[in-house]
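Please read the structure below before turning to the comments.
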Amino acid sequence: MQPFSAKKYINVFLGLGSNIGDRAGNIRAAADLISKNIGKIAKKSHLYETQPWGNTEQELFINQVIMINTTSDPRDLLDKISKIERELGRERSEKWGPRSLDIDILFYGKRVIRDKGLEIPHPELHKRGFVLVPMMEIAPDLEHPILKKQIDELYMACNDLSEVVMLDE
């Protein structure tokens with residue numbers, strides 16, 4: 001008889017964003033596909049309407065942060081979320097450009113990964129209000145493994161003054 005071996009579940013935080021089409025619908029569809037194909041959604045923030053970051057000459061975004069429990073390794077996770085982005089109409093044409101869906105890996109447990117095409121924690125998350133506000137809602141005490149500060153501390157030190165408005169759901 002084979003010994004039982006359970007796969008280890010990792011808490012992963014994902015940032016979801018959309019500013020083309022049915023923005024809220026795109027976020028909900030992404031969450032459904034993530035739940036079906038990657039892992040159980042353990043926590044999710046409200047939806048927030050936010051100003052674009054980087055290229056500011058585009059429509060407002062809707063953003064959300066979710067925490068999932070998954071057994072996918074980081075590279076496999078990246079492949080799966082890229083597939084979901086494509087399935088929901090994502091076309092990569094310009095950096096920080098308009099998009100039907102964007103999914104970023106914000107944290108993968110406490111791991112630090114710097115590999116070609118994959119940086120975890122997300123290298124810009126501490127500079128972005130649209131990430132920090134929903135992160136504060138679901139994990140204010142989470143410590144950034146590189147910066148050694150909790151999410152609420154990162155938010156208080158953040159210079160991003162763009163509006164992040166919670167939407168009624």
Residues Cys158 and Gly129: closest non-hydrogen pair is SG-N, 4.2 Å

Query raised in the report: Taking atom types as modelled, is there a side-chain donor on Ser100 or Asn26 under 3.5 Å from an acceptor on the other?
Result: no

Indicate, with yes or no, if Tyr9 and Phe13 share a hydrophobic cluster defined by side-chain heavy-atom contacts under 4.5 Å among Ile, Leu, Val, Met, Phe, Trp and Tyr. no

Phe107 and Val12, any side-chain heavy atoms less than 4.5 Å apart: no

Rounded to the nearest 0.5 Å, the NE2 atom of His126 sits from the CD1 atom of Ile151 at a distance of 11.0 Å

Practice item. Compare all side-chain heavy atoms of Ile84 with those of Ile103 and state whether any distance is below 4.5 angstrom. Key: yes

Contacts satisfying side-chain hydrogen bond (donor to acceptor under 3.5 Å, both in side chains) that involve residues 141-160 (not counting sequence neighbours) are Asp160-Ser162

Could you check whether any side-chain heavy atom of Lys44 comes within less than 4.5 Å of a side-chain heavy atom of Val65, counting everything from C-beta outward? no

Residues at least two apart in sequence or cross-chain that pass salt bridge (charged side-chain N to carboxylate O under 4.0 Å, His left out) with Glu59, listed by chain then number, are none

Side-chain donor-acceptor pairs under 3.5 Å in residues 31-40, sequence neighbours left out?
| unit_1 | atom_1 | unit_2 | atom_2 | d |
| --- | --- | --- | --- | --- |
| Asn37 | ND2 | Leu33 | O | 3.0 |

Contacts of Lys127 meeting salt bridge (charged side-chain N to carboxylate O under 4.0 Å, His left out) (sequence neighbours excluded), chain-then-number -> Glu124

CZ (Phe130) and OH (Tyr48) are apart, to the nearest 0.5 Å, by 14.0 Å

Which of Lys43, Met166, Gln64 passes side chain to side chain contact (heavy atoms under 4.5 Å, CB included) with Glu137? It is Met166

Exactly one candidate in Ile41, Asn11, Ile10 meets side chain to side chain contact (heavy atoms under 4.5 Å, CB included) with Ile68; the answer is Ile41

Applying side chain to side chain contact (heavy atoms under 4.5 Å, CB included) to Met156 and not counting sequence neighbours gives none

Rounded to the nearest 0.5 angstrom, the CD1-CG distance for Ile27 and Leu47 is 7.0 Å

Exercise. Determine whether Leu118 and Ile105 make a side-chain contact, defined as any pair of heavy atoms from C-beta on separated by less than 4.5 Å.
Key: yes

**Message:** Taking the side chain as everything from C-beta on, heavy atoms only, tell me whether Ile120 gets closer than 4.5 Å to Pro74.
**Reply:** yes

Interatomic distance, OH@Tyr108 vs CG@Leu78, rounded to 0.5 Å, equals 12.0 Å

Sorted by chain and residue number, the side chain to side chain contact (heavy atoms under 4.5 Å, CB included) partners of Glu49 (sequence neighbours excluded) come out as Arg23, Leu60, Leu167

The salt bridge (charged side-chain N to carboxylate O under 4.0 Å, His left out) partners of Arg75 (sequence neighbours excluded) come to Asp115

When rounded to the nearest 0.5 Å, the distance separating CD1 of Ile146 from CD of Glu119 is 8.5 Å

Verdict with reasoning, Glu85 to Asp102, per side chain to side chain contact (heavy atoms under 4.5 Å, CB included)
CA-CA 7 Å; Glu85 286 177 334; Asp102 185 35; 3.5 Å; yes

Q. Are any non-hydrogen side-chain atoms of Met135 and Leu106 less than 4.5 angstrom apart?
A. yes

Sequence neighbours excluded, the answer for side chain to side chain contact (heavy atoms under 4.5 Å, CB included) partners of Val165 is Glu163

For Leu147 and Leu154, run side chain to side chain contact (heavy atoms under 4.5 Å, CB included): C-alpha distance rounded to whole Å, both residues' side-chain angles, the deciding distance at 0.1 Å, then the answer. CA-CA 9 Å; Leu147 302 176; Leu154 294 174; 3.7 Å; yes

Applying side chain to side chain contact (heavy atoms under 4.5 Å, CB included) to Ala42 and not counting sequence neighbours gives Met67, Asn69

The reported gap from OG in Ser82 to CD in Glu87 (rounded to nearest 0.5 angstrom) is 12.5 Å

For Asp76, the salt bridge (charged side-chain N to carboxylate O under 4.0 Å, His left out) test, sequence neighbours excluded, returns Lys80

For Ala30 and Leu16, the nearest pair of non-hydrogen atoms, with its separation, is CB-CD2, 3.9 Å

